[in-house]
Structure formats: C-alpha cells, structure tokens
Chemist: 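Supplied in structure tokens, the structure appears directly below.
Since we're looking at a predicted model, the values are computed, not measured.
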Amino acid sequence: MSYRPRIPSLDRRGVLRGSLAASAALTLPVVGAAAPAFALSGRPRAAWGVQVGDVTASSALVWVRSDRPARMIVETSATESFRRARTWHGPLVGAGTDFTGTTPLYGLPPGEQVHYRVTLAAPEDPRRTGEPVYGTFRTAPARRRDGVRFLWSGDIAGQGWGINPDIGGYVVYDEMRRLDPDFFLCSGDNIYADGVIEPSVPLPDGRVWRNVTTEEKSKVAETLAEYRGNFRYNLLDDNLRRFNAQVPSIVQWDDHEVRNNWYPGQILDDPRYTEKDVNVLAARSVRAFTEYFPVSTLHASSGEGRMHRVVRHGPLLDVFVLDMRSFRDANSPGRRPDDTIGILGAEQLGWLKRELSRSRAVWKVIAADMPLGLVVTDGATDFEAVAQGDPGAPLGRELQIAELLRYIKHRRITGTVWLTADVHYTSAQHYEPGRAAFKDFAPFWEFVSGPLAAGQFPANTLDATFGPDRVFVRAPDRANVSPMESPQLFGEVDIDGDSGELTVRLRAQGGSVLFSKTLQPGRVGQ
C-alpha cells in the first residue's frame, strides 16, 4: 500500500527551564520586541520571518506566518527603496493553515536580485497593517555564463540537540548565509518529530548542553498541532530566520518529518505512540510540511500535491527532487529477486526517467533524501535505504536503481550528480561499473553532507553492487557526537558559467573545506 502525500487530507536521523513564553522571549529578541504598538492595537505580526522556495528564472513562492487571521500582501522591487514596487495580493491566512500562507510570484526578470516585503493586513480593515517583513532572493539566470552556486545539507534538531543559546543557536546558518548562495537544498529531516528536546543534556566531557524547549517538543509528535509545533520550533532561531530571508530554498522530506524509518502502511509497535497507523501520522505531517515550507507542487494552486518535482535553475542546472518515502515498499532484508515498487514507486520512477530525458540543462542534480550505496539498517534484519550489504547482483530496491542507471546510460544522459544527507557525516563516493557486480551503467558521483544541527555518527559500510569507492569521508568514531563537540557539515556546489565545470566542496562549520572535486561538463566517470 502506497502513501501519497496530499494537501488535504520523520535513533539517527536542557536548557532554559521555565515556561514556553520565557523560551520564546529569549530566542526572539528582535521580532518579539518589534513595534509593541502594533501588538497593542491588534495589528497582525509576522514574527516567524519570511521564506522563498522553488525559485526559477521567472517565478518564486513567498511564505509567511501571522499571529492571527490576516490578508497576505507581497510587494516586489528591483531596489531596496521599493520604488516602482509591484503588489501581489495573497491569501487570507487563518487557523485552517496555522496562520501560514504562500503567494506565488510570476513574470519575474531572470538573473536579477529581487527585493520583497510582506505585509499582513487585518481582514476587517485593510488599512490596519502590521510591520512589514523584508527579504531578498536572486532569480535563476537566463544566460549560461552567469553561473550557479548553491549549498545543501539536512538533519536539523536531531537526537535531542536543539537550539542552544549558550553557543548562539544554529550558528551554521549564519555561516551559510554569509556565503550568499543562489539557493539552499535541504535534503530532508527538516525536523525530528520523533525526537524529544529536553531542557538539558550531559556531555561526555562533563559539560551540559542546554536547549530552548517548547510544549510540542516535549513528546513525540502525533497530532497535527504537535507536527506544526515541530516545524515552528526551528523558526525560533534568529540565524535560521535571517537565512530564510536571504537564501531561497528547495526542500524535500525524509523519515524524521514523521518518525524514524517509516514506510507506508506501517503499524507501529512503539509505546510512545497512541496513534499506531503511520499513514495517519504521515498525512498530518505532510499537511504541516505544506503549511511551513514554500514548495511549488504542494501549493494549493498547483493541484498536484506531491513532493517530487524538477526545479529548473537556468541553462546550467536542473534539480530533480526525489521523494524516497511516500511510495516505497516496506523495509525488509531486501533480497527479493523482483521488486516493482522499490524506493521510488513505479509512477515516480517513470516521471524521473521522462524528466531526465527532457532536461537540456548541462548538469542534472538528483536530490535524493537517502544514499545509494551506503548500507543503512533498520533493526537487526531489515534495511532502510537502497543497499542491503549483499555485494552481488541487484536485489530488492537495488533493482529499481539499476533500471534507472541503465536508462541514464542508454539514453546518453550526461551530467547527473547525486546529492544526499541522512547519515550524519560527510563523504564522496565514485560509482564505477568496473568495480561493480551490476555493470550496465555509466560512472557517476554521489556526495553526502550533514548534519546541520544534530548528532554525528560513524561511517556506514559500502555495498559493492554498484561499485562505490569512498574517495573521502569525515565521520566520528562514536555515535551521536553533539554539535558542541564537532562542527556541523554542509556542501557547496559551484557551476562556472564560462567553462561549465561543476565543483563540489564538502564544508565544515568554521570555514574549512574538507574535500573538493571538479567535474567536467558532458563527461562522466571522472
């Protein structure tokens, strides 16, 4: 049975003691203190900041959250002065969407900086408006020579490591913001709905990690309100809100948006949950996800209600965002000689083949929320990702990936690069048929990075079916190393407009480039 994320209707992957109000006041010093007259006069406020998602050469999707019912109004301009601003009338936001809303922008100029501000107006009196919230983003270029640069990572507030005021919160976001990328690709585990945030956590060296806490993070998420609270939790962080106001996003999900290692149709044997049907939990999570992220294919006007999509970022780059959760079969030992569902499902696999064939971009980044050749287990006998440790011919979910890799080779589709997170360390794998049990594919690279704000873990073993060679790895030698003990990790992709070369840099918080690899356009197996 396949779970499909529809709009109506996620182990691996304290602090300020006192009330929720005290925590929020500490973490929101600017927006919490902004214009008290607005609050006193009953004007709507946007204390959670703004976001922009799925930016193309001519379009974008703007997000905001109000503190009460309000009409969303967006203005865009080529300048910070907002001269000759264009006005976009957005939706009326209310309790049905947890007071969140998105407004699509169309007809934007390609390759330009766009300044925007969001104003919330009282429904009964449009003249009664809150203080505007400002943001900016760059549209995708129309010309190849302009180049593209973006960041990617994942895994936020995992393993009990939340917003720690002692270290400045999620400071890695401030470092990423100062790199000023064209966009950020979040490879999943945006929240840990199954991970409790305790007020304090003792560290092995005797120090104490302190967390900002909220009511919704005090237990595993089950209700819609608890899932919403999990997505809101990260927005308490100043660094993340500033990042969102400057850097547009491409967001996908993985398991911890619902609970660890979930699959459609799963019935839980976990005493922490009163709701045992994962499909019910997933439907609640995807609704909250839709409310808290600007995702074009989940937006109500798209009529699609799906996570997988292509975001086209000019002549140099197409990003193929996969959903390796909603259509997968059950986790198992993975030794079946036939598997028509796999990790993508037949429908999504067909979609991916078609879109790869249609792409005219020089580089085709496949944004996977799980790795291909790294063995990720689920309990003593089952496997969570694609690989299952058998180095022989493809079995189980490997059959579907073999079909896709064969298709890419025979259709002569060049420029595919796989990016992922999930495993809480960073590495680079080169896949080569000469080393593989399955040989009918063209060589390719897979790069892993993360976490952003979670525990780090030792490296996973490799499965030789597709011939991976781990060219680089940076991982700890023990499980769940806290962000206070080891720098957080993210990746950078830089595509040169003149040569078309794509350079991947695996980065560590603090400015270190741990590994770098440059790939040539139109070639494979480098």
Chemist: Find out whether Ile366 and Leu419 are in side-chain contact, i.e. whether some heavy atom of one side chain is under 4.5 Å from a heavy atom of the other.
Modeler: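 In short, these two side chains do not touch, never coming nearer than 4.5 Å.
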
Chemist: Over 60° means perpendicular and under 30° means parallel, so classify the ring planes of His313 and Phe183, tilted if in between.
Modeler: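 Judged by the thresholds at 30° and 60°, the geometry between Phe183 and His313 is tilted.
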
Chemist: For Asp270, is the CG atom crowded, meaning more than 12 foreign heavy atoms sit under 6.0 Å from it?
Modeler: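 Correct, the count exceeds 12.
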
Chemist: In terms of side-chain heavy atoms, does Gln252 have a donor or acceptor partner in Asp323 at a distance below 3.5 Å?
Modeler: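 No donor-acceptor contact under 3.5 Å links the two side chains.
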
Chemist: Could you verify whether a donor N or O on one side chain and an acceptor N or O on the other, from Thr518 and Thr503, lie under 3.5 Å apart?
Modeler: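 A donor-acceptor contact under 3.5 Å links the two side chains.
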
Chemist: Determine whether Arg241 and Asp237 satisfy the following criterion, salt bridge (Lys or Arg N to Asp or Glu O under 4.0 Å), listing intermediate values before the conclusion.
Modeler: CA-CA 6 Å; Arg241 292 196 313 278; Asp237 183 72; over 6 Å; no

Chemist: Report the residues that fulfil salt bridge (Lys or Arg N to Asp or Glu O under 4.0 Å) with Lys276, sequence neighbours left out, ordered by chain and then residue number.
Modeler: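 If we apply the salt bridge (Lys or Arg N to Asp or Glu O under 4.0 Å) test to Lys276, skipping adjacent residues, there are no hits.
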
Chemist: Examine the side chains of Asn480 and Trp161 and answer whether a donor and an acceptor come within less than 3.5 Å of each other.
Modeler: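 There is such a pair between these side chains.
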
Chemist: Is it true that a side-chain atom of Ser512 and a backbone atom of Ala508 form a donor plus acceptor pair closer than 3.5 Å?
Modeler: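 Absent.
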
Chemist: Quick one: does Cys186's side chain get under 4.5 Å of Ile156's, heavy atoms only?
Modeler: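 A side-chain contact exists here, since the closest heavy-atom pair is under 4.5 Å.
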
Chemist: With rounding to the nearest 0.5 Å, note down the distance linking OG in Ser427 to CD in Glu446.
Modeler: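 Between atom OG of Ser427 and atom CD of Glu446 there are 7.0 Å.
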
Chemist: Going from OG1 on Thr465 to CG on Asp390, what distance comes out if it is rounded to the nearest 0.5 angstrom?
Modeler: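 CG of Asp390 is found 6.0 Å from OG1 of Thr465.
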
Chemist: Partners of Asp339 by salt bridge (Lys or Arg N to Asp or Glu O under 4.0 Å), sequence neighbours excluded?
Modeler: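 Here no residue qualifies.
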
Chemist: Going by distance alone, is a donor N or O of one side chain under 3.5 Å from an acceptor N or O of the other, for Asn234 and Tyr170?
Modeler: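 Looking only at side-chain atoms, Tyr170 and Asn234 do form a donor-acceptor pair, the distance falling under 3.5 Å.
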
Chemist: I'd like to check the side chain to side chain donor-acceptor pair (under 3.5 Å) partners of Arg507; sequence neighbours left out, ordered by chain and number.
Modeler: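 Partners of Arg507 under the side chain to side chain donor-acceptor pair (under 3.5 Å) test: Glu492.
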
Chemist: Can you list the residues that meet the ring pair (Phe, Tyr, Trp, His ring centres under 6.0 Å) rule with Phe137, with sequence neighbours excluded?
Modeler: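 Phe137 satisfies ring pair (Phe, Tyr, Trp, His ring centres under 6.0 Å) with Tyr116 once adjacent residues are dropped.
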
Chemist: Between Gln246 and Arg177, is there a donor-acceptor pair closer than 3.5 Å when you use the side chain of the first and the backbone of the second?
Modeler: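 The answer is yes, because a donor-acceptor pair under 3.5 Å joins these two groups.
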
Chemist: Can we say Glu384 and Arg397 salt-bridge, meaning some charged N sits less than 4.0 Å from an Asp/Glu carboxylate O?
Modeler: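 Salt bridge flag = no for Arg397 with Glu384.
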
Chemist: Evaluate Asn164 against Met484 for side chain to side chain contact (heavy atoms under 4.5 Å, CB included), listing each step before the verdict.
Modeler: CA-CA 9 Å; Asn164 185 341; Met484 193 180 284; 3.3 Å; yes

Chemist: Who pairs with Asp166 by salt bridge (Lys or Arg N to Asp or Glu O under 4.0 Å), at least two apart in sequence or on another chain?
Modeler: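 Once residues adjacent in sequence are excluded, the partners of Asp166 under the salt bridge (Lys or Arg N to Asp or Glu O under 4.0 Å) criterion are Arg210.
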
Chemist: Quick one: OG on Ser249 to CG on Asp54, what's the gap to the nearest 0.5 Å?
Modeler: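 Here the rounded value is 7.0 Å.
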
Chemist: Test Leu372 against every option in Ile401, Leu404, Thr420 by the side chain to side chain contact (heavy atoms under 4.5 Å, CB included) rule and name the one that passes.
Modeler: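 Among the candidates, only Ile401 passes.
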
Chemist: Side chains of Val481 and Phe457: closer than 4.5 Å at any heavy-atom pair?
Modeler: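 SC-SC contact between Val481 and Phe457 ruled out.
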
Chemist: Answer yes or no: is there a side-chain heavy-atom contact under 4.5 Å between Val212 and Tyr233?
Modeler: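 Counting from C-beta outward, Val212 and Tyr233 do come under 4.5 Å.
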
Chemist: Decide ring pair (Phe, Tyr, Trp, His ring centres under 6.0 Å) for Phe289 and Tyr227; before the verdict, give the C-alpha distance in whole Å, the side-chain angles of both, and the deciding distance to 0.1 Å.
Modeler: CA-CA 8 Å; Phe289 188 105; Tyr227 280 109; over 10 Å; no

Chemist: Could you check Arg138 against Asp182 for salt bridge (Lys or Arg N to Asp or Glu O under 4.0 Å), going step by step and ending with a plain yes or no?
Modeler: CA-CA 6 Å; Arg138 284 188 295 275; Asp182 293 303; 2.9 Å; yes

Chemist: Got a second to check how far Leu235's CG is from Asn244's CG, nearest 0.5 Å?
Modeler: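 One finds 6.5 Å between CG of Leu235 and CG of Asn244.
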
Chemist: State which residues pass ring pair (Phe, Tyr, Trp, His ring centres under 6.0 Å) with Trp152; sequence neighbours excluded, sorted by chain then number.
Modeler: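 Trp152 satisfies ring pair (Phe, Tyr, Trp, His ring centres under 6.0 Å) with no residue once adjacent residues are dropped.
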
Chemist: For Ala475, give me all partners under side-chain contact (heavy atoms from CB on, under 4.5 Å), at least two apart in sequence or on another chain.
Modeler: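 Applying side-chain contact (heavy atoms from CB on, under 4.5 Å) to Ala475 gives Tyr425, Ala459, Val473.
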
Chemist: Say whether, by atom type as modelled, one donor and one acceptor occur between the side chain of Arg284 and the main chain of Ala282 under 3.5 angstrom.
Modeler: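 Such a contact is absent between Arg284 side chain and Ala282 backbone.
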
Chemist: Check the side chains of Asp378 and Asn261 for a donor-acceptor pair under 3.5 angstrom, ignoring hydrogens and angles.
Modeler: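 Checked: Asn261/Asp378 side chains pair up, N/O donor to acceptor below 3.5 Å.
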
Chemist: With sequence neighbours excluded, what pairs up with Phe515 under the ring pair (Phe, Tyr, Trp, His ring centres under 6.0 Å) test?
Modeler: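 In terms of ring pair (Phe, Tyr, Trp, His ring centres under 6.0 Å), with neighbours along the sequence ignored, Phe515 is linked to Phe472.
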
Chemist: What about the rings of Phe490 and Phe184, do their centers lie closer together than 6.0 Å?
Modeler: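 Between Phe490 and Phe184, the centre distance exceeds or equals 6.0 Å.
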
Chemist: Only one of Phe466, Phe438, Phe444 clears ring pair (Phe, Tyr, Trp, His ring centres under 6.0 Å) with Tyr431; which?
Modeler: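 When ring pair (Phe, Tyr, Trp, His ring centres under 6.0 Å) is applied between Tyr431 and each of Phe466, Phe438, Phe444, only Phe444 qualifies.
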
Chemist: Could you check whether any side-chain N or O of Ser486 sits under 3.5 Å from a backbone N or O of Pro483, counting only pairs where one atom can act as donor and the other as acceptor?
Modeler: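 Judged by distance alone, no pair lies under 3.5 Å.
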
Chemist: Tell me whether the centres of the aromatic rings in Trp418 and Trp445 are closer together than 6.0 Å.
Modeler: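 Centroid separation for Trp418 and Trp445: 6.0 Å or greater.
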
Chemist: Taking the side chain as every heavy atom from C-beta outward, state whether Val295 and Leu61 have any atom pair closer than 4.5 Å.
Modeler: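 No. Closest side-chain heavy atoms not under 4.5 Å.
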
Chemist: Yes or no on side chain to side chain contact (heavy atoms under 4.5 Å, CB included) for Leu514 and Leu489, after CA distance, side-chain angles and deciding distance?
Modeler: CA-CA 10 Å; Leu514 306 175; Leu489 304 164; 3.9 Å; yes

Chemist: If you apply the rule side chain to side chain contact (heavy atoms under 4.5 Å, CB included), what do you find for Phe383 with Val376, and how did you get there?
Modeler: CA-CA 6 Å; Phe383 294 89; Val376 184; over 6 Å; no

Chemist: Do Gln348 and Gln400 have side chains that get closer than 4.5 Å, going by heavy atoms?
Modeler: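 Not in contact.
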
Chemist: Is there a side-chain contact between Gln429 and Val471 in this structure, where contact means two heavy atoms from C-beta onward sitting under 4.5 Å apart?
Modeler: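 No; the side chains remain at least 4.5 Å from each other.
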
Chemist: With a 3.5 Å cut-off and no angle check, do the side chains of Tyr292 and Arg65 form a donor-acceptor pair?
Modeler: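 Looking only at side-chain atoms, Arg65 and Tyr292 do form a donor-acceptor pair, the distance falling under 3.5 Å.
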
Chemist: Enter the distance from Gln388:CD to Glu398:CD here, rounded to the nearest 0.5 Å.
Modeler: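 Nearest 0.5 Å value for the CD-CD distance: 4.0 Å.
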
Chemist: Who passes ring pair (Phe, Tyr, Trp, His ring centres under 6.0 Å) against His308, sequence neighbours left out?
Modeler: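 His308: ring pair (Phe, Tyr, Trp, His ring centres under 6.0 Å) contacts with Phe327, Trp351.
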
Chemist: Could I get the full list of salt bridge (Lys or Arg N to Asp or Glu O under 4.0 Å) partners for Arg435, not counting sequence neighbours?
Modeler: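 With sequence neighbours excluded, Arg435 shows a salt bridge (Lys or Arg N to Asp or Glu O under 4.0 Å) to no residue whatsoever.
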
Chemist: Starting at CD of Gln509, measure out to CE of Met176 and round the result to the nearest 0.5 Å.
Modeler: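 Answer for the CD-CE pair, Gln509 versus Met176, is 9.5 Å.
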
Chemist: Under the side chain to side chain contact (heavy atoms under 4.5 Å, CB included) rule, what do Val365 and Thr416 come out as? Steps first, then yes or no, please.
Modeler: CA-CA 6 Å; Val365 165; Thr416 58; over 6 Å; no

Chemist: Side chains of Val278 and Ile267: closer than 4.5 Å at any heavy-atom pair?
Modeler: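 Of all side-chain heavy-atom pairs linking Ile267 with Val278, none is under 4.5 Å.
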
Chemist: Would you mind listing every salt bridge (Lys or Arg N to Asp or Glu O under 4.0 Å) that reaches into residues 456-478, with sequence neighbours excluded?
Modeler: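 Salt bridge (Lys or Arg N to Asp or Glu O under 4.0 Å) check on residues 456-478 returns Arg478-Glu485.
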
Chemist: If you look only at pairs with a residue in residues 222-235, which of them pass as a salt bridge (Lys or Arg N to Asp or Glu O under 4.0 Å), with sequence neighbours excluded?
Modeler: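 Listed once each, the pairs are Asp98-Arg232, Glu216-Arg232, Lys219-Glu222, Lys219-Glu226, Arg228-Glu291.
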
